Student: 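Mind having a look at this structure? Questions to follow.
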Amino acid sequence: RLSAKEGHNVTIIARRTLMLKKARKLLLSDQITKGQEILALSADVTNLRDINDAIEMSVKKLGTPCRLFVSAGRVSPGHFQDIPLSDFRSDMDVNFFGAVHVVRAVLPSMVKRGSGSVTLISSAAGLIGLWGYGAYSPTKFALHGLAEVLKFEMHSKNISISVAFPPDTDT
């Protein structure tokens with residue numbers, strides 16, 4: 001919403017089309033110029049083709065993004081021994097590999113332009129292991145590691161990398 005209020009074009013990408021429509025409507029109310037674009041594209045971050053297609057469509061319509069925020073997330077709460085192995089895989093697929101898919105889809109155009117900003121949304125659970133979040137917490141630690149690697153690799157390309165660690169989030 002802040003980007004829309006600053007007059008930037010905005011693309012939002014998510015799986016659920018109803019939520020996308022509501023979010024787009026909210027962002028449209030924040031527009032400050034007539035020519036400002038607000039795109040809402042449906043894609044699943046776990047599906048590499050979906051994400052690549054959505055990012056390609058956004059770049060084609062609006063150009064290379066100046067800022068990228070990656071905030072897809074899934075949580076499977078429970079005690080470590082009680083969580084099905086499939087939930088560990090699903091949490092990692094969305095929370096970590098979903099971020100990898102999105103960043104890999106956007107970075108080449110930022111590198112080509114020679115500037116950009118990427119923010120990965122982790123969690124307070126990515127700083128300390130939280131009791132009852134044995135599948136979730138490690139995925140958020142992984143985002144922190146990814147951000148550290150990218151920060152060093154992208155520094156010379158004039159692309160800033162950051163990671164945010166919010167507490168509980170109303171999604």
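Quick caveat: nothing in here was measured; it's all calculated off a predicted structure. Numbers for residues simply follow the sequence, beginning at 1.
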Student: Using side-chain hydrogen bond (donor to acceptor under 3.5 Å, both in side chains), reason through Glu6 and His8 one step at a time and then give a plain yes or no.
Tutor: CA-CA 6 Å; Glu6 291 173 354; His8 298 284; 3.3 Å; yes
Student: So, taking the atom named CG in Leu120 and the one named NZ in Lys140, what distance separates them when rounded to the nearest 0.5 Å?
Tutor: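 Rounded to the nearest 0.5 Å, the CG-NZ separation comes to 9.0 Å.
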Student: To check you understand the geometry: which heavy-atom pair defines the closest contact between Asn95 and Ala72, and what is its length?
Tutor: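 Result for this residue pair: OD1-O, 4.0 Å.
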Student: Could you state the interatomic distance from CG (Leu62) to NZ (Lys60), rounded to the nearest 0.5 Å?
Tutor: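 Reported value, rounded in 0.5 Å steps: 12.5 Å.
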Student: Under the 3.5 angstrom rule, does the side chain of Asp30 hit a backbone N or O of Lys5 as a donor-acceptor pair?
Tutor: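 Not a single qualifying donor-acceptor pair exists.
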Student: Is it the case that the side chain of Arg74 and the backbone of Ser90 share a donor-acceptor pair, with hydrogens and angles ignored and the cut-off at 3.5 Å?
Tutor: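 It does not hold such a pair.
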Student: Identify the two heavy atoms, one from Leu143 and one from Ser122, that lie closest to each other, and give their separation to 0.1 Å.
Tutor: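 That closest heavy-atom pairing would be CD1-CA, 4.0 Å.
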Student: With a 6.0 Å cut-off (strictly less than), is the heavy-atom count around CZ of Arg113, excluding the residue itself, greater than 12?
Tutor: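 Atom CZ in Arg113 is packed in, count exceeds 12.
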Student: Find out if a path of hydrophobic residues (ILVMFWY) with successive side-chain heavy-atom gaps under 4.5 Å connects Met92 to Val163.
Tutor: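 Yes, it is one cluster - the side chains of Met92 and Val163 are joined through contacts under 4.5 Å.
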Student: Please answer whether the main-chain N or O of Leu18 pairs with a side-chain N or O of Arg16 as donor and acceptor at a distance below 3.5 Å.
Tutor: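 Not at all, since once roles are kept as given, no pair shorter than 3.5 Å links the two residues.
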Student: Is there a side-chain contact (heavy atoms from CB on, under 4.5 Å) between Leu41 and Met57 once you walk through the steps?
Tutor: CA-CA 9 Å; Leu41 305 171; Met57 185 181 302; 3.5 Å; yes
Student: Can you tell me how far apart OG (Ser109) and CD (Glu56) are? Round to the nearest 0.5 Å.
Tutor: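 Atom-to-atom, Ser109:OG and Glu56:CD are 11.0 Å apart.
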Student: As an exercise, state the distance from CD1 of Ile161 to CD of Glu153, rounded to the nearest 0.5 Å.
Tutor: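 Taking CD1 in Ile161 and CD in Glu153, the distance rounds to 9.5 Å.
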Student: Among the clusters formed by ILVMFWY side chains lying less than 4.5 Å apart, do Val10 and Val102 turn up in the same one?
Tutor: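 The answer is no; the residues belong to distinct hydrophobic clusters.
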Student: Less than 4.5 Å apart, side chain to side chain, heavy atoms only: is that true for Val118 and Val106?
Tutor: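 No; the side chains remain at least 4.5 Å from each other.
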Student: So if I apply the side chain to side chain contact (heavy atoms under 4.5 Å, CB included) rule between Met154 and each of Val103, Ile159, Val149, which one comes out positive?
Tutor: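 That would be Ile159.
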Student: Taking Gln36's backbone N and O only, do any of them form a donor-acceptor pair with Gln31's side chain (distance below 3.5 Å, no angle check)?
Tutor: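 Such a contact is found between Gln31 side chain and Gln36 backbone.
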Student: Looking only at non-hydrogen atoms, find the nearest pair between Tyr133 and Pro77 and report the distance.
Tutor: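 Heavy atoms only, the tightest pair is CE2-CB, 3.8 Å.
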Student: So which atom in Ile121 and which in Ser71 form the shortest heavy-atom distance, rounded to 0.1 Å?
Tutor: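 For Ile121 versus Ser71, the nearest heavy atoms are CG1-CB, 3.5 Å.
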Student: What ring-ring contact (aromatic ring centres under 6.0 Å, His included) pairs are there with at least one residue in residues 86-105, not counting sequence neighbours?
Tutor: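 For residues 86-105: Phe80-Phe88.
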Student: Check ring pair (Phe, Tyr, Trp, His ring centres under 6.0 Å) between His144 and all other residues, then give those that pass, not counting sequence neighbours.
Tutor: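 For His144 the ring pair (Phe, Tyr, Trp, His ring centres under 6.0 Å) partners, ignoring immediate neighbours, are Phe165.
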Student: Considering non-hydrogen atoms only, spot the tightest contact between Pro167 and Ala124 and give its length.
Tutor: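 Taking every non-hydrogen atom into account, CA-CB, 4.2 Å.
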Student: So does Thr46 get a backbone contact from the side chain of Asp93, meaning a donor-acceptor N/O pair under 3.5 Å?
Tutor: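 Checking the backbone N and O of Thr46 against the side chain of Asp93, no donor-acceptor pair under 3.5 Å is found.
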Student: Asn9 side chain to Glu37 main-chain N or O, any donor-acceptor pair under 3.5 Å?
Tutor: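 Yes: the side chain of Asn9 pairs with the backbone of Glu37.
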Student: Please examine the side chains of Leu68 and Met110, heavy atoms only from C-beta on, and report whether any two atoms are closer than 4.5 Å.
Tutor: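 Answer yes - side chains close enough.
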Student: Side-chain contact, heavy-atom cut-off 4.5 Å: Leu26 with Ser29?
Tutor: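 Contact flag for Leu26/Ser29 side chains = yes.
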Student: Under a single-linkage definition using a 4.5 Å side-chain heavy-atom cutoff for Ile, Leu, Val, Met, Phe, Trp and Tyr, are Val111 and Leu146 assigned to the same hydrophobic cluster?
Tutor: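 Yes.
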Student: Strictly distance-based, threshold 3.5 Å: is any side-chain N or O of Ser137 a donor or acceptor partner for the main-chain N or O of Ala125?
Tutor: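 Yes, the answer is positive, given that a donor and an acceptor are paired below the 3.5 Å cut-off.
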Student: Can you name the nearest heavy-atom pair linking Leu27 to Ala4, along with the distance?
Tutor: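 Residues Leu27 and Ala4, closest heavy atoms: O-CB, 4.0 Å.
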Student: Can you tell which of Val94, Val75, Asp91 makes a side chain to side chain contact (heavy atoms under 4.5 Å, CB included) with Thr139?
Tutor: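 Going through Val94, Val75, Asp91 one by one, the side chain to side chain contact (heavy atoms under 4.5 Å, CB included) with Thr139 is satisfied by Asp91 alone.
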Student: Check whether any side-chain N or O of Thr119 sits under 3.5 Å from a backbone N or O of Phe69 as a donor-acceptor pair, and report yes or no.
Tutor: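 Answer holds: no.
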Student: Kindly indicate whether the side chain of Leu107, heavy atoms from C-beta on, has any atom under 4.5 Å from the side chain of Leu150.
Tutor: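 Side chain of Leu107 against side chain of Leu150, heavy atoms only: contact under 4.5 Å found.
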Student: Do Leu39 and Lys61 have side chains that get closer than 4.5 Å, going by heavy atoms?
Tutor: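 Counting from C-beta outward, Leu39 and Lys61 do come under 4.5 Å.
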Student: Evaluate the side-chain proximity of Thr11 to Pro65: yes if any heavy-atom separation is below 4.5 Å, no if none is.
Tutor: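 Pro65 does not reach Thr11 side chain to side chain.
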Student: Determine whether Val70 and Leu127 fall in the same hydrophobic cluster, where Ile, Leu, Val, Met, Phe, Trp and Tyr are linked whenever their side-chain heavy atoms lie under 4.5 Å apart.
Tutor: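 Val70 and Leu127: one cluster.
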Student: If you define the side chain from C-beta out and look only at heavy atoms, does anything of Tyr136 sit under 4.5 Å from Ser123?
Tutor: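 A side-chain contact under 4.5 Å exists here.
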